[in-house]
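Encoded as structure tokens, the structure appears first; notes follow it.
Just so you know, ligand 1 is whichever comes first in the structure, and atom 1 is the first atom listed for that ligand.
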Amino acid sequence: MEKPTGSLISFMANKVKSKGGINLAQGIPSFDPPMELLELLKRLVNENVHQYAPGKGNHELLCQLGKYYNVSADNFLVVNGATEAISLIVTYLLKIENEPFAFLAFNPVYESYKHLPRIFNKKFVSFHLNETGYVNFTALEKTIVDESVKLIFMASPGNPFGKIWNKTELDSLIDICIKNQVFLIIDAVYADLYFSEPPYLPFHKFNEYVFYVNAFSKRFSITGWRVGYLWAHTKHMAALMDVHDYIGLCAPSILQQAIASYVDRYDFGRDYMQNIRENLKANYKQLAKALTDLGFDVKEAQGGYFIWAKLPEQFNDGFEFAMNLYNEKKVALVPGEHFSDNGGRFIRINIARHSYEISMAIEKIKEFINKS
Ligand SMILES: Cc1ncc(COP(=O)(O)O)c(C=O)c1O
């Protein structure tokens, strides 16, 4: 079967966009954003909020972030989604590090973590978690030293595997980074979307080696707004701003203002996020059970948008499986090879969809498997 050269996520999602079907490929939520946020946005249309926002971010929004995380607002920078936050930090580190170095992320790997090193012609190391999803820290430290790793990406919960790093693991990772003078990007875009316990995110331990990235994209189901933020140590802020001025300039001003007013009035969207968490958890439980009954090996996720599962015994190629499933049943998901060099027998499924789409997809996957 001939394979496309670009992103398999876009490839599968575009099929639904052009020929219809259920799109469980791309990480797009079908949940509505908070109604109150949309009302606030409507009211802002006639206000004077249509020109460039301050480069560092809307002042009110920065203050709200400082309050929410209980740290100084001065260490936040509002940017165009987590995507800009990550690429901004990478660009900045490439500028300050003169020696050649490698990037590392945990397998299976979220796209940006491996494509940014590719774009900048840098070595990328994919570090495998063990069978149960845990990290061998001795092997990790050895890899860091052997491969001259200078930047590690991690997400908690992760994408495509919704692992949440526990306290011991994240503390060990931060300690290893400090000891070896390696930078760490903690990507927390799914941090509020956990299924039972919130992830451990120790702001008190953050230091000059740790960058924290987040966005409102997934949290408020506004992936198209492009408002994200980063936290960095004071030492890096001026130089990060310098790069941001020429790469992102500023995040959309009216959208930042709407978010600032919403988080101020609605307790940082606590009720909305609670509701989204419940929906995600219910979808995860329903789909994970159905897939397990069909013979999939579903890796147990603790949060986030995705199911990461190994195909039943009778299938051995995730790409072929995804193509045939779409062609026959119009359900799009992503072949695991997109995220992992040993993901050939895996698939990733987006669960951030209305429950009726999940139920429909389950029926179609069942029909597909039962006739195969
Ligand atoms: C782990 C992870 N980080 C970052 C992003 C990008 O977030 P944003 O849409 O805010 O740029 C995504 C989006 O899917 C993601 O899954």
> Charged N to carboxylate O below 4.0 Å: is that the case for Glu337 and Arg345?
Replying inline: no
> What do you reckon, does Tyr113 have a nitrogen or oxygen under 3.5 Å from a nitrogen or oxygen of ligand 1?
Replying inline: no
> Applying ring pair (Phe, Tyr, Trp, His ring centres under 6.0 Å), which residue pairs with at least one partner in residues 276-298 are found, sequence neighbours left out?
Replying inline: Phe195-Tyr284, Phe296-Phe321
>> For atom 1 (C) of ligand 1, what's the nearest protein heavy-atom neighbour? Residue, atom name and distance, please.
In response: Asp187 OD2, 3.4 Å
>> Is it the case that the ring center of Phe211 lies less than 6.0 angstrom away from the ring center of His233?
In response: no
> In the protein, what heavy atom is nearest to atom 7 (O) of ligand 1, and what distance, to one decimal place, separates them?
Replying inline: Ala82 CB, 3.5 Å
> If you measure from each non-hydrogen atom of Thr83 to ligand 1, which part falls under 4.0 Å: side chain, backbone, both or neither?
Replying inline: both
> For the residue pair Phe346 and Trp308, is the inter-centroid distance of their aromatic rings smaller than 6.0 Å?
Replying inline: yes
> atom 10 (O) of ligand 1: which protein heavy atom is closest, and how many Å away?
Replying inline: Ser217 OG, 2.6 Å
>> For atom 14 (O) of ligand 1, what's the nearest protein heavy-atom neighbour? Residue, atom name and distance, please.
In response: Lys218 NZ, 2.8 Å
> Closer than 4.0 angstrom: is that true for some heavy atom of Tyr190 and an atom of ligand 1?
Replying inline: yes
>> As an exercise, identify every atom of ligand 1 less than 4.0 angstrom from a heavy atom of Ala215.
In response: 10 (O)
> Has Arg226 got any heavy atom lying under 4.0 angstrom from an atom of ligand 1?
Replying inline: yes
> For ligand 1, which atoms, with element, lie under 4.0 Å from some heavy atom of Gly81?
Replying inline: 10 (O), 11 (O)
> Would you call the rings of Phe220 and Phe268 parallel, tilted or perpendicular, where under 30° means parallel and over 60° means perpendicular?
Replying inline: tilted
Give the table of side-chain donor-acceptor pairs shorter than 3.5 Å for residues 60-74, with sequence neighbours excluded, one pair per line with atom names and distance.
from  : atom 1 : to     : atom 2 : distance (Å)
Glu60 : OE2    : Gln257 : NE2    : 3.3
Gln64 : NE2    : Asp264 : OD1    : 3.3
Tyr69 : OH     : Tyr212 : OH     : 3.2
Tyr69 : OH     : Asn214 : ND2    : 3.4
Tyr69 : OH     : Arg219 : NH2    : 3.4
Tyr69 : OH     : Tyr229 : OH     : 2.5
Ser72 : OG     : Asp74  : N      : 3.1

> With a 4.0 Å cut-off on heavy atoms, is Thr223 touching ligand 1?
Replying inline: no
>> Against the six-membered ring of Phe368, is Lys366 placed for a cation-pi contact (under 6.0 Å from the centre, within 45° of the normal)?
In response: no
> Among protein heavy atoms, which lies nearest atom 12 (C) of ligand 1, and at what distance?
Replying inline: Tyr110 OH, 3.2 Å
> Do the charged groups of Lys329 and Glu363 touch, with an N to O distance under 4.0 Å?
Replying inline: no
